[in-house]
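Before any comments, here is the structure.
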Amino acid sequence: MLGAGVMGSGIAQVCALAGDEVACYDVTPAALDDARAHVTTGRFGLDGAVARGKVTRKQADDALARLTFTTSFEEAAATDLVIEAVPERLELKVRVFRDLDRLAPPQTILASNTSGLPIAAFAAATDRPDRVIGWHWASPAPVMKLAEIVVTSETSDSTIARVVDAATRCGKRPIVVKDNPMQWGFVANRVYFAMVREAQRVVDEEIATRADVDQLMMDCFRWPSGPFGMVAGAGSGWT
Ligand SMILES: NC(=O)c1ccc[n+]([C@@H]2O[C@H](COP(=O)([O-])OP(=O)(O)OC[C@H]3O[C@@H](n4cnc5c(N)ncnc54)[C@H](O)[C@@H]3O)[C@@H](O)[C@H]2O)c1
């Protein structure tokens, strides 16, 4: 797991609960301390899952025992499936994929949790484009079912099958979609941000406040949160 922020810590928690050994990497020890707190005592962490009866104490303890938090990139790369969740900056992610390609074993699959950057750009940064794929999660990762699996024309069938299987074992509902480098956002975020843009237009036209737009959308469509609430929640991890 590369990047132990809002998404990376939650993804690491889910994968460890599913039975995988996970090395969770971040650039600073402070980020890893925060990640460990998220995973244990955070709102969607393991202690809460035990308290709510979602998992047993033993399952939670076993998951924690499978999780290591590390500032060693090499350690995180030494696995059969790496999930990248560093900040949403194209040049940073391309650099990370280049480094991963150099250090990870040849068979290792490199997956990105990008919200919508082109998977083809990451594949092109490697000598293993058949083993590069998008695996887009939603926040909070321990709760949301989303597994938007994004494939390029070069992603191999065996890579797709391996990641679909991993997502299923994590309790998610994988849906395979095509990468489109000309459009940010794959499917979920293209449709979602079209709605957010229209919500902002309504506010700019002074037709309604942000709070009123949120409430109307919740009342009309039974959404758990309105568009502006969703943007805020995604940034904070719904803490
Ligand atoms: N927040 C959401 O709701 C959400 C949902 C789906 C996908 N995403 C995507 O997930 C990715 C991460 O988002 P986030 O919300 O977890 O961000 P975040 O800022 O909470 O976490 C990013 C982490 O990456 C670390 N980092 C920075 N440079 C790094 C490097 N070179 N190597 C390793 N770690 C590094 C940071 O220290 C930080 O802990 C982004 O691509 C984002 O678009 C976010």
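Both counts, for ligands and for their atoms, begin at 1 and track the order of listing. Each residue takes its place number in the sequence, starting with 1.
Residue-ligand proximity, V6 to ligand 1, at heavy-atom distances under 4.0 Å covers atoms 15 (O), 16 (O), 20 (O). Here is the list of ligand 1 atoms found below 4.0 Å of a heavy atom in N113: 7 (C), 8 (N), 9 (C), 10 (O).
Backbone and side-chain nitrogen or oxygen atoms of W137 are examined, and none is located within less than 3.5 angstrom of a nitrogen or oxygen of ligand 1. Checked by distance only, ligand 1 and A234 come closer than 3.5 Å through their nitrogen or oxygen atoms. Of the polar atoms of K93, at least one N or O is found under 3.5 Å from an N or O of ligand 1, judged by distance alone. Considering backbone and side-chain atoms together, V27 places no N or O closer than 3.5 Å to any N or O of ligand 1. Polar contact check, V96 against ligand 1: no nitrogen or oxygen pair lies under 3.5 Å apart.
For atom 3 (O) of ligand 1, a protein non-hydrogen atom is found at a distance below 4.0 Å.
The closest heavy-atom contact to atom 28 (N) of ligand 1, among the options G10, C24, P87, A76, comes from P87. In this comparison of Y25, F73, W238, the heavy atom closest to atom 33 (C) of ligand 1 sits on Y25. If you check each of P140, G8, G3, A85 against atom 22 (C) of ligand 1, the one with the closest non-hydrogen atom is A85.
By the 4.0 Å heavy-atom criterion, D34 is excluded from the residues contacting ligand 1. No heavy atom of E84 sits closer than 4.0 Å to any atom of ligand 1. Not a single heavy atom of R95 sits closer than 4.0 Å to an atom of ligand 1. Not a single heavy atom of A138 sits under 4.0 Å from any atom of ligand 1.
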